[in-house]
Amino acid sequence: MKKILMLHGINHNMFGQRDPAQYGTVTLAEIDVSLRSLGSQLGCEVDSFQTNCEGAMCDRIHQGFRDGVDGVLINAGAWTHYSYGIRDALAMLTVPVVEIHMSNIHAREPFRHHSVFADIARGQICGFGADSYLLGLRAVLSAVA
């Protein structure tokens with residue numbers, strides 16, 4: 001069974017309460033349930049991790065490397081636009097990485113248009129709300145196969 005690591009970034013623990021006009025009312029727990037359910041249907045295991053601490057995110061990426069995960073999904077939130085530390089941790093991976101965002105980062109503030117992960121990610125899915133996660137899971141599994 002394929003093992004996929006889902007990394008949720010800064011402030012994502014506030015989904016469902018934070019800016020519902022931008023992110024909707026779905027909670028992080030609901031997103032994780034949907035991912036595990038789809039993963040089960042597609043024959044993979046999804047392990048989710050959320051942190052508001054950049055170092056903890058890097059540590060979890062390192063652990064995923066050591067554990068030999070088959071693919072990584074990441075929605076790093078604002079870290080997407082400036083965290084070279086997380087970018088360098090992701091660059092250590094030898095498996096497909098798919099970057100996802102609930103909102104369309106290219107239709108938002110100019111600083112959100114740039115991703116420091118873009119050159120190491122297999123691709124980016126954004127703008128489909130919570131469905132971005134499900135599309136991302138399908139994409140990373142396709143890249144693993």
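In what follows, every heavy atom counts, from backbone to side chain, and hydrogens, waters and symmetry copies are set aside.
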Can a side-chain donor-acceptor contact be found between [Y] and [X] if the only test is distance below 3.5 angstrom?
| X | Y | result |
| --- | --- | --- |
| Thr80 | Glu99 | no |
| Arg60 | Thr51 | no |
| Asn52 | Asn13 | yes |

Identify, with sequence neighbours excluded, every residue that meets side-chain contact (heavy atoms from CB on, under 4.5 Å) alongside [X].
| X | result |
| --- | --- |
| Gln17 | Met14 |
| Ala118 | Ser115 |
| His62 | Cys58, Asp59, Arg66, Ala89, Met92 |

| With His101 via ring pair (Phe, Tyr, Trp, His ring centres under 6.0 Å) - residues at least two apart | none
| remark: Residue pairs passing the salt bridge (charged side-chain N to carboxylate O under 4.0 Å, His left out) test with at least one member in residues 132-145, sequence neighbours excluded, are none
| remark: salt bridge (charged side-chain N to carboxylate O under 4.0 Å, His left out) pairs touching residues 124-133, sequence neighbours excluded, are none
| Linking Ile, Leu, Val, Met, Phe, Trp and Tyr by side-chain heavy atoms under 4.5 Å, what else ends up with Leu5? | Leu7, Ile10, Phe49, Met57, Ile61, Phe65, Val69, Val72, Ile74, Trp79, Tyr82, Tyr84, Ile86, Leu90, Leu93, Val95, Val97, Val116, Phe117, Ile120
| message | Apply the hydrophobic cluster definition, ILVMFWY joined by side-chain contacts under 4.5 Å directly or through others, and give me every member besides Met1. | response | none
| task | Would you give the length of the straight line joining atom CG of Leu73 to atom CG of Leu134, rounded to the nearest 0.5 angstrom? | result | 10.0 Å
| said: Can you confirm whether Ile31 sits close enough to Met102 that some side-chain heavy atom of one is under 4.5 Å from a side-chain heavy atom of the other? | reply: yes
| query | Can you tell if the side chain of Ile4 reaches within under 4.5 Å of the side chain of Asp47, non-hydrogen atoms only? | reply | no
Looking at every heavy atom in both [X] and [Y], which two are closest together, and how far apart are they?
| X | Y | answer |
| --- | --- | --- |
| Asn104 | Cys126 | OD1-SG, 3.8 Å |
| Asp32 | Ser48 | OD1-OG, 2.8 Å |
| Gln50 | His12 | NE2-N, 4.0 Å |

| query | Which residue pairs pass the ring-ring contact (aromatic ring centres under 6.0 Å, His included) test with at least one member in residues 118-143, sequence neighbours excluded? | reply | His8-Tyr133
| message | Asp70: which residues meet the salt bridge (charged side-chain N to carboxylate O under 4.0 Å, His left out) condition with it, sequence neighbours left out? | response | none
| task | Step by step, work out the side chain to side chain contact (heavy atoms under 4.5 Å, CB included) result for Leu137 and Leu141. | result | CA-CA 6 Å; Leu137 180 57; Leu141 285 172; 4.1 Å; yes
| request: Start with the C-alpha gap between Ile100 and Met6, add the side-chain angles, then the distance that decides, and say whether side chain to side chain contact (heavy atoms under 4.5 Å, CB included) holds. | output: CA-CA 10 Å; Ile100 57 178; Met6 174 66 240; 4.0 Å; yes
| Which pairs with one or both residues in residues 86-97 pass side chain to side chain donor-acceptor pair (under 3.5 Å), sequence neighbours excluded? | Arg87-Asp119
Could you list the donor-acceptor pairs under 3.5 angstrom formed by side chains in residues 34-46, with sequence neighbours left out?
unit_1: Ser34; atom_1: OG; unit_2: Glu30; atom_2: O; d: 3.2
unit_1: Glu45; atom_1: OE1; unit_2: Lys3; atom_2: NZ; d: 3.4

